[in-house]
Enquirer: 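Have a look at this one before I ask anything.
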Amino acid sequence: MKQELIALREAMKKHGIDAYIIPTTDFHGSEYVNDYFKFRRYVSGFTGSAGTLLVTESGAYLWTDGRYFIQAAKELSGSGVDLMKMNESGVPTIEEFLRENISEGQTLAFDGRVVSDTLGAGYEKIMADKGGRIVYDRDLADEIWTDRPALKGAAIYALPLSVTGKTFEEKLSEIRQILSGKNADYYLITKLEETAWLFNMRGDDVENTPVFFAFTLISKDSVKLYVFKDALDSAIVPGGVEIRDYFEIYEDIKDVPSGKSLLTNCVDASYALIKSLNSGVRVIDEKSPAEILKAVKNPAEIESTLHAHLEDGAAMVNFMYWLKTKALKEGPQTEITASDYLENCRRARKGFKDLSFTTISGYGPNAALCHYSAKKGSESEIKPEGFLLVDSGGQYEDGTTDITRTFVMGPITDKMKKYFTLVLRSHIDLSMAQFKPGTDGVALDAICRKPMKDEGLDFNHGTGHGVGHLLSVHEGPNNISSRGTTVIEPGMITSDEPGVYIEGEFGIRHENEILCVEKPDGMLAFEPITYCPFDRDGIDKSMLTEEELAWLNDYHKTVYDKISPLVDEDVRKWLKEATAEM
């Protein structure tokens, strides 16, 4: 059993806490978090980016989704933490588990700043029904995590209009029009990406995501920005904006007058913030106007991100050329040396700033772990056979990229080739989809999964997620999955990434970013904005329909036309063959 888990139980006993919840997020509901907030990892040892830990006097339980089942089982082994596989038959939700296992009169605790109001209110009801109590002002990390990283803000910088397409004043005007239509007196923005988008500023407070710690509180006649003041140069702050200290939001929120209304998304806003409001404040719990506005990219944002994808495409093609023609001839290669080589390819491109997430480089059976992370000392060597799956992306000065390719490193079985082609068919079918305005992600998800389901296959993750513009690589509200109820609109950029994962054997995923566009007849369609070949060595041409094959040949021609001017002559010659008509 982990010593950190033992220490947590001792702290719980000291404060009369019977159960303690540790989510994987920060004060803003973020997916990727600053090291200061990685308490769940510290206690459990599970390194995945999604999961919630519940610790009681006699047990510890980690809920995570299908992307991490295999990884979590390995990392939790011997830790004293049981894996709870979310959405699997017979596995209770956290709420169901609490109702079943919390005794009358017990105490449930969590740091209310890192638990959403929606979740916190649910926990509160469960405990009220049990005659128990909630403690939400107790951050036990401060008591047992002796070398906890410091929480501070890095330098904040402004983006040019050529990248943002709209000024702060234009965005604020759009937001206030929305607020007026909803009779909202105040608007609380808690998501880091939304504040960064509104102010056309970026930072470096979260790894791989160029955002800064901030809250925004907007009224009809004021805008307050809550940041670490030493991270912000007042010269880049728009006129009329009041700068407040980051933590003052927890006091200022108490000053919203009773009888007034405040709009915020309680799925994102923390339980602690909403509990701090006066009882007479009417909370309008809706999707954040900033989230909706930033999801639909304007023409300048689209042009900007297309340029970023050209640079990223050149990096990927340089990597693929090396991997397919030189890597194994130069000596032994591992998942990590391949990942490092790709990062260097990106760093050599104009405008590169950072990776958009930690690269997933999985060879052979490791690729069956959907979000596998190679560790130094236990990484696999790449052999001249089988598959190498690489899921990666970059943050450029003009856009955010996300791409997955599965590479054939040598001989593969008929089964592997069949599955490779089935996943490609699913990818192509979504990319070719034409649909009526008003279509949501659920309907599009079904289109993508059909070729695989017809063969008895499926994948345990969403088909596509929204991609931010020089922001988070995973952003809503657009989402293509069984839960993707948001309507897909022109200007939205979403990923297209079906896969298949055969435990103990191999994993395959093919991913492009796709831009939703309106056709002349009023129908909607997708245009791929990711430019890199699919490995022809894995494709069984006979399995593709004429339409799918035509799409593939046209896509590969586009890749060659756009990327060939950006790479050296030897790479260009190889790319000509890699994109040749099949």
Side-chain angles (χ1 to χ4, degrees), residues 31 163-167 170-182 187 189 191 193-194 196-198 200 263 265 267-268 286-306 308-309 398-402 427-449 462-498 511-530:
E31 176 186 15
V163 172
T164 66
K166 290 183 180 179
T167 65
E170 289 173 317
K171 294 177 179 180
L172 180 63
S173 176
E174 288 180 314
I175 284 174
R176 281 194 165 132
Q177 286 181 10
I178 295 173
L179 298 180
S180 176
K182 296 180 180 296
Y187 171 35
I189 300 177
K191 296 290 286 184
E193 296 87 353
E194 293 171 17
W197 170 84
L198 172 60
N200 293 330
L263 187 151
N265 189 345
V267 170
D268 300 323
E286 293 186 6
K287 280 190 179 297
S288 170
E291 179 187 41
I292 297 168
L293 290 170
K294 76 176 174 61
V296 178
K297 276 59 174 180
N298 62 52
E301 289 176 314
I302 292 171
E303 182 179 356
S304 174
T305 200
L306 287 174
H309 280 81
D398 46 9
T400 301
T401 70
D402 185 5
H427 173 94
I428 292 173
D429 286 4
L430 176 58
S431 196
M432 289 194 307
Q434 295 196 27
F435 48 99
K436 296 179 180 179
T439 301
D440 64 18
V442 175
L444 294 168
D445 183 67
I447 293 173
C448 184
R449 292 179 191 268
T463 290
H465 56 81
V467 180
H469 181 58
L470 198 51
L471 286 168
S472 175
V473 74
H474 297 139
E475 284 192 19
N478 44 316
N479 177 280
I480 299 176
S481 73
S482 60
R483 300 180 298 278
T485 55
T486 296
V487 169
I488 303 300
E489 301 179 40
M492 287 182 170
I493 295 174
T494 314
S495 69
D496 172 4
E497 50 179 311
E511 177 188 16
N512 282 347
E513 289 181 35
I514 49 178
L515 170 68
C516 182
V517 297
E518 184 175 2
K519 307 290 283 186
D521 62 0
M523 293 288 282
L524 304 184
F526 291 121
E527 290 181 359
I529 62 172
T530 299

Enquirer: Tell me yes or no: between the side chains of S288 and N265, is some donor less than 3.5 Å from an acceptor?
Expert: no
Enquirer: If I compare all heavy atoms of G441 with all of I488, which pair ends up nearest, and what's the gap?
Expert: N-CG1, 4.2 Å
Enquirer: Would you confirm whether D521, through its side chain, and M523, through its main-chain N or O, come within 3.5 Å as a donor-acceptor pair?
Expert: yes
Enquirer: Go through the structure and list residues passing side chain to side chain contact (heavy atoms under 4.5 Å, CB included) with P437, not counting sequence neighbours.
Expert: L524
Enquirer: Donor-acceptor pairs are to be reported for all side-chain atoms of residues 174-182 against protein atoms at under 3.5 Å, with residues two or more places apart or in another chain.
Expert:
from : atom 1 : to   : atom 2 : distance (Å)
E174 : OE1    : K166 : NZ     : 3.3
E174 : OE2    : K166 : NZ     : 2.9
R176 : NE     : S219 : O      : 3.1
R176 : NH2    : S219 : O      : 3.0
R176 : NH2    : S222 : O      : 3.3
K182 : NZ     : E286 : OE1    : 2.7

Enquirer: Taking atom types as modelled and ignoring hydrogens, do the side chains of E301 and H469 form a donor-acceptor contact shorter than 3.5 angstrom?
Expert: no
Enquirer: If the condition is side chain to side chain contact (heavy atoms under 4.5 Å, CB included), which residues does A443 pass it with, not counting sequence neighbours?
Expert: T439, D440
Enquirer: With sequence neighbours excluded, give me every salt bridge (charged side-chain N to carboxylate O under 4.0 Å, His left out) pair touching residues 480-491.
Expert: none
Enquirer: Please work out whether the ring planes of H474 and H465 are parallel, tilted or perpendicular, with thresholds of 30° and 60°.
Expert: perpendicular
Enquirer: A295: what forms a side chain to side chain contact (heavy atoms under 4.5 Å, CB included) with it, not counting sequence neighbours?
Expert: P477, N478, M492
Enquirer: Side chain to side chain contact (heavy atoms under 4.5 Å, CB included) with D398: which residues, sequence neighbours excluded?
Expert: V163, S304, H307, A308, Y396
Enquirer: Does S472 use its side chain to pair, donor to acceptor, with the backbone of E475 at less than 3.5 Å?
Expert: no
